[in-house]
There are 2 protein chains.
Amino acid sequence: MTTDDLMSKALASLNEMDGPIPVEAIHRLADLNDLDDPLTIAQAADLLDVSPHTLRYYERAGLIVVDRAPGGHRSYDAAAMRRLVFLTRMRLSGMPMRDLQHYVRLVDEGEATVPERLDMLLEHRDTICRQLRELTLSLAATEYKIATYGGRTGDDADFAEAGS
Amino acid sequence: MTTDDLMSKALASLNEMDGPIPVEAIHRLADLNDLDDPLTIAQAADLLDVSPHTLRYYERAGLIVVDRAPGGHRSYDAAAMRRLVFLTRMRLSGMPMRDLQHYVRLVDEGEATVPERLDMLLEHRDTICRQLRELTLSLAATEYKIATYGGRTGDDADFAEAGS
DNA sequence: ATAGGAGTTCGAGTGCGCTCGAACGCAAGA
DNA sequence: TCTTGCGTTCGAGCGCACTCGAACTCCTAT
């Protein structure tokens, strides 16, 4: 089995991916469209699949400003939810809090910072692509181990045949 | 632009990926084949793209036993390197140290633990696939923002049209 | 009216995976 | 020979992103 074979198998697995995550994610995004009433922190957290603690943490970190209902409870409207979807997606793809704070600062500074924001996004896209490549390699390695019955940590099932 | 379009674009980007990482990785793996002399910790670290500190840390953590040259210096032979390639690839794809320690313990316990090891690998494969799906969504989100000139953190460039 | 549950703030704690510093030892080139 | 630089051990420290606990407040349903 060559490395190319491994990669093909890995990419094939990729195409078989019809798991629950995208569907779920899209449904949650779709919910944002017909969002007329603002949400409580628990509802927002549920939708975004993070904890209320984390939402407060993001707010403390300056990533978002959230309206308050009379009584002081947080109130997440559609705009807040859209920003949070963006934030959580960036976090999920490994953008550090620091960078998100910087990005948000740029947004606050107005249109003049669009080029820098664009740079950040382009750089982050590269980061994601790199991660995708590395993950695909790891998937190939894992598939290979599985194919050889998950043995011996590389004493046997190794990458000896892997050559460009 | 629909979600499907976004996904298509994201997957297209995926196919354009001819970056330095896989090539580099494969070359480094290929080097392992004609590895007759054992390596120093610095050489091993270089090849694996981790720090010597990290290699010592993995050893302390019980993930690998490394030969010593006369004089006490660590000496990484082909088998050690193969195990380390496996370990670093699993780490890179997010397998926790704990799980790797467990896996290695199972390996030490012999062939009887093959089924459990296989279970771990299957589960990890699922984890990788989930990560790939999430990353692909994040890539789509990033591409979309880039396409709309990286503006306003979701106040404008949002996912309002994402349906189905 | 009151009990329960969900919300609030604040600071402190946790878990993970390194990463570093100090004090020391061997080893190979000028 | 000597020096300089990579190697060693050990424990401690760090950075990140949450995560939690305490003490309190507020809405809601009985």
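This structure is a prediction, so every number in the text was calculated from the model and none was measured. Quick note on labels: first sequence line is chain A, next is B, and so on, each numbered from 1.
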Categorize A/Ala42 for me: base, sugar-phosphate, or nothing, with a 4.0 angstrom heavy-atom threshold over every strand shown. sugar-phosphate

Rounded to the nearest 0.5 Å, what separation is found between the CZ atom of B/Arg91 and the CG atom of B/Asp99?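 With rounding to 0.5 Å, CZ (B/Arg91) is 10.0 Å from CG (B/Asp99).
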
Rounded off to whole Å, could you give me the [atom1]-to-[atom2] distance for the [X] and [N] pair?
{"X": "B/Tyr58", "N": "C/dT19", "atom1": "OH", "atom2": "C1'", "value": "12 Å"}
{"X": "A/Tyr57", "N": "D/dG15", "atom1": "OH", "atom2": "C1'", "value": "11 Å"}
{"X": "A/Leu48", "N": "D/dA17", "atom1": "CG", "atom2": "P", "value": "18 Å"}

Counting distance only, does the side-chain N/O of [X] pair as donor-acceptor with the main-chain N or O of [Y] below 3.5 Å?
{"X": "B/Ser138", "Y": "A/Arg89", "result": "yes"}
{"X": "B/Thr113", "Y": "B/Glu109", "result": "no"}
{"X": "B/Arg133", "Y": "B/Leu137", "result": "no"}

Under 4.0 Å from any atom of DNA chain C, heavy atoms only: list the residues of residues 91-101 of chain B that qualify, in numerical order. B/Arg91, B/Pro96, B/Met97, B/Arg98

Look at atom CD of B/Glu123 and say whether more than 12 heavy atoms of other residues, nucleotides or ligands are closer to it than 6.0 Å.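 No - once you tally the heavy atoms of other residues, nucleotides and ligands closer than 6.0 Å, there are 12 at most.
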
Between protein and nucleotides 8-10 of chain C, what N or O pairs are separated by less than 3.5 Å?
unit_1	atom_1	unit_2	atom_2	d
C/dT8	OP1	A/Arg74	N	2.6
C/dT8	OP1	A/Arg74	NH1	2.9
C/dT8	OP2	A/Arg56	NE	3.0
C/dT8	OP2	A/Arg56	NH2	3.2
C/dT8	OP2	A/Arg74	NH1	3.3
C/dT8	O5'	A/Arg74	NH1	3.4
C/dT8	O3'	A/Arg68	NH1	3.4
C/dT9	OP1	A/Arg68	NH2	3.2
C/dT9	OP2	A/Arg74	NH1	3.0
C/dT9	OP2	A/Arg74	NH2	2.6

Between B/Phe86 and B/Tyr103 (judged by ring centroids, cut-off 6.0 Å), do the two rings come close enough to count as a pair? yes

Walk me through whether A/Thr40 and A/His73 qualify under side-chain hydrogen bond (donor to acceptor under 3.5 Å, both in side chains). CA-CA 8 Å; A/Thr40 68; A/His73 287 200; over 6 Å; no

Under 4.0 angstrom between B/Thr40 side-chain N/O and D/dG7 OP1 or OP2: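 It does, given that an N or O in the side chain of B/Thr40 lies less than 4.0 Å from OP1 or OP2 of D/dG7.
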
List for me each residue that meets salt bridge (Lys or Arg N to Asp or Glu O under 4.0 Å) alongside A/Glu116, sequence neighbours excluded, and say none if there are none. none

